[in-house]
Enquirer: 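Take a look at the following structure, please.
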Amino acid sequence: MNVFSGLDHEYMARALTLAARGLYSTDPNPRVGCVLVRNGEMVGEGFHAKAGDAHAEVQALSVAGARARGATAYVTLEPCSHQGRTGPCTDALIAAGIARVVYASADPNPHVSGGGAARLQASGISVATGLLAASCEALNVGFFARHRRGLPWVRVKLAASLDGRTALANGQSRWLTGEAARADVHTWRARSSAILTGAGTIKQDDPRLTVRDDSLALLGRQPLRVVLDRALQVSPAARLFQEPGPILLITESQDHTAIKAIEVCGAEVMVLTAGSGLRAVLHELARRDCNEVWVEAGAKLAGLFLQSALVDEFIVYLAPHLLGQDAKPLAVLPMLDDLQHRWQFRYQDVRAIGADLRLSLVPVQSGES
């Protein structure tokens with residue numbers, strides 16, 4: 001068992017702070033930070049900014065130069081030992097003469113997992129792991145989910161009134177929440193690999209589903225927009241197709257004329273076998289290296305995600321209004337006759353966003369109190 005000092009914790013905490021700078025830009029890579037310390041002095045630090053750029057360790061080594069020799073490297077994720085878009089970080093650490101490597105969590109990527117540590121140890125470098133591992137995994141929750149279970153991390157977002165209603169009976173819902181809550185949604189969109197919705201939402205609200213926060217848009221990445229449209233009913237005139245960024249429309253329709261009309265708009269159309277279900281959709285998104293999926297959909301699709309046990313996190317913006325019993329519900333779910341069968345969540349975070357509340361909830365697992 002590794003024993004870590006107070007200074008070890010301090011330096012790893014700094015590495016995690018650096019890693020978070022890549023929150024909106026590293027996708028599909030993990031967010032990683034690195035701090036180099038020699039004789040009690042930080043001699044270099046870095047973070048991974050975006051896929052294809054130098055990794056955190058290489059950035060830190062570049063800052064440290066010759067001062068890296070004999071230093072300890074604090075890295076939030078196990079250094080990579082394989083050739084990807086960039087060279088192995090293990091080789092760079094070895095060549096720089098690093099004496100000790102402390103990393104928070106093993107890399108779940110099978111191309112790396114355990115291999116990085118083994119390569120460093122084989123070169124005589126002292127290696128320790130497990131320091132602030134939970135914080136590293138929380139920062140990279142989708143990356144870990146994709147590699148461990150073959151599915152992305154799924155967040156379902158809804159805006160609701162105090163009585164759990166999302167729109168009037170006539171469909172009117174703009175704007176249920178305030179400007180601050182709507183701005184907050186863009187930060188969640190920006191960190192996501194994909195934004196997923198259904199054809200009904202496209203027809204009802206005609207959303208763009210893009211990141212429109214100027215400070216985030218400057219990062220130059222728009223998440224993949226995914227539309228589930230079983231019967232291929234979305235109009236090529238939808239605003240979705242007028243905005244920059246990749247679009248994937250998933251359907252069961254074999255209507256080649258309709259498919260071509262969507263493809264002409266610049267979207268990719270993928271035809272799934274009838275009855276494939278949401279799990280097949282998520283497996284496909286994981287295959288495309290999607291880490292975090294942000295679901296913005298109506299009550300019907302939100303209910304399907306819940307019934308399929310495919311919700312990892314439920315984000316509800318709660319507005320201080322009442323809409324009445326005829327308004328549309330939060331999620332369409334089957335009627336229950338026993339409270340034992342209810343869908344249960346626990347609060348992970350509750351905070352005020354302008355005049356509204358943002359509730360972050362996670363499902364209660366079987367057997368969990």
Side-chain angles (χ1 to χ4, degrees), residues 17 19-27 31 49-50 138-139 141-142 152-162 164-168 171-198 201-202 204-227 238-247 290-299 301-302 311-323 328 330 347-362:
T17 298
R21 292 184 183 179
L23 184 66
Y24 305 110
S25 58
T26 63
D27 196 79
R31 297 123 185 173
K50 65 178 181 179
L139 185 61
V141 64
W153 184 266
V154 177
R155 294 186 178 94
V156 173
K157 167 262 175 183
L158 287 166
S161 60
L162 286 176
R165 304 292 169 166
T166 58
L168 298 179
Q172 185 181 347
S173 61
R174 286 187 180 175
W175 291 104
L176 191 62
T177 54
E179 186 175 340
R182 299 197 297 274
D184 190 64
V185 167
H186 284 272
T187 66
W188 288 99
R189 286 181 178 181
R191 67 173 288 170
S192 301
S193 307
I195 302 168
L196 186 149
T197 194
T201 296
I202 299 296
Q204 176 69 39
D205 299 333
D206 198 18
R208 289 179 280 176
L209 297 180
T210 51
V211 178
R212 295 189 297 279
D213 181 305
D214 289 341
S215 63
L216 299 175
L218 286 174
L219 297 172
R221 187 186 73 85
Q222 286 289 348
L224 173 68
R225 286 168 290 165
V226 182
V227 181
R239 288 199 303 170
L240 180 82
F241 301 116
Q242 315 306 318
E243 297 290 324
I247 301 171
C290 289
N291 294 328
E292 300 177 20
V293 173
W294 177 255
V295 179
E296 287 193 36
L301 187 53
V311 178
D312 293 301
E313 198 172 345
F314 206 31
I315 307 290
V316 180
Y317 292 90
L318 199 62
H321 315 301
L322 296 172
L323 298 185
K328 295 191 175 183
L330 194 69
Y347 292 108
Q348 185 169 256
D349 183 72
V350 178
R351 66 183 64 194
I353 305 291
D356 306 306
L357 287 180
R358 188 187 72 199
L359 315 179
S360 175
L361 309 102
V362 294

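The first residue in the sequence is number 1, and the count goes up from there.
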Enquirer: Please report the interatomic distance CZ(Arg189) to NZ(Lys157), rounded to the nearest 0.5 Å.
Expert: 7.0 Å
Enquirer: Locate the shortest heavy-atom distance separating Ser360 from Ile315; write the atom from each residue and the value.
Expert: OG-CD1, 3.7 Å
Enquirer: Quick check for you: to the nearest 0.5 Å, what is the distance between Ser161 atom OG and Leu318 atom CG?
Expert: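 The OG atom of Ser161 sits 7.5 Å away from the CG atom of Leu318.
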Enquirer: Is there a side-chain contact between Leu23 and Leu139 in this structure, where contact means two heavy atoms from C-beta onward sitting under 4.5 Å apart?
Expert: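 When only atoms from C-beta onward are counted, Leu139 and Leu23 do touch, with a gap below 4.5 Å.
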Enquirer: If you define the side chain from C-beta out and look only at heavy atoms, does anything of Thr197 sit under 4.5 Å from Leu240?
Expert: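 In short, these two side chains do not touch, never coming nearer than 4.5 Å.
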Enquirer: Are there more than 12 heavy atoms of other residues, nucleotides or ligands under 6.0 Å from atom CD of Glu179?
Expert: no
Enquirer: Between atom CG of Leu357 and atom OG1 of Thr177, what is the distance when rounded to the nearest 0.5 Å?
Expert: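 Rounded to the nearest 0.5 Å, the CG-OG1 separation comes to 12.0 Å.
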Enquirer: Give the minimum heavy-atom separation between Gly245 and Gln222, together with the two atoms involved.
Expert: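 Closest approach of Gly245 to Gln222: CA-CB, 4.1 Å.
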Enquirer: How far does CG of Leu330 sit from CZ of Arg165, to the nearest 0.5 angstrom?
Expert: 9.5 Å
Enquirer: Could you pull out all residues at least two apart from Glu243 that satisfy salt bridge (Lys or Arg N to Asp or Glu O under 4.0 Å)?
Expert: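 Once residues adjacent in sequence are excluded, the partners of Glu243 under the salt bridge (Lys or Arg N to Asp or Glu O under 4.0 Å) criterion are Arg208.
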Enquirer: I need the minimum non-hydrogen distance between Leu209 and Arg225, along with the two atoms involved.
Expert: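 So the two residues come closest at O-CD, 3.1 Å.
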Enquirer: Could you list the residues that satisfy side-chain hydrogen bond (donor to acceptor under 3.5 Å, both in side chains) with Thr17, not counting sequence neighbours?
Expert: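 Thr17 satisfies side-chain hydrogen bond (donor to acceptor under 3.5 Å, both in side chains) with no residue once adjacent residues are dropped.
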Enquirer: Please report the shortest heavy-atom distance between Cys290 and Leu224, naming the atom on each side.
Expert: SG-CD2, 4.3 Å
Enquirer: Are the side chains of Trp188 and Arg155 in contact, using a 4.5 Å heavy-atom criterion?
Expert: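 Side chain of Arg155 against side chain of Trp188, heavy atoms only: contact under 4.5 Å found.
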Enquirer: Taking the side chain as every heavy atom from C-beta outward, state whether Leu158 and Phe314 have any atom pair closer than 4.5 Å.
Expert: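 Side chain of Leu158 against side chain of Phe314, heavy atoms only: contact under 4.5 Å found.
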Enquirer: Minimum heavy-atom separation for Leu176 and Ala319, please, with both atom names.
Expert: O-CB, 3.3 Å
Enquirer: Is the shortest side-chain heavy-atom distance between Val185 and Tyr317 below 4.5 Å?
Expert: yes
Enquirer: To the nearest 0.5 Å, what is the distance between CD1 on Ile195 and CD1 on Ile247?
Expert: 11.0 Å
Enquirer: Could you give the distance from OH (Tyr24) to CZ (Arg31), rounded to the nearest 0.5 Å?
Expert: 9.0 Å
Enquirer: Quick check: does any side chain N or O of Ser25 sit under 3.5 Å from a backbone N or O of Ala49, one acting as donor and the other as acceptor?
Expert: yes
Enquirer: Under 4.5 Å between any side-chain heavy atoms of Val362 and Asp312, yes or no?
Expert: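 They are not in side-chain contact.
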Enquirer: Kindly indicate whether the side chain of Leu301, heavy atoms from C-beta on, has any atom under 4.5 Å from the side chain of Leu196.
Expert: yes
Enquirer: If you look at every heavy atom in Ala181 and Asp356, which pair is closest and at what distance?
Expert: CB-OD2, 3.6 Å
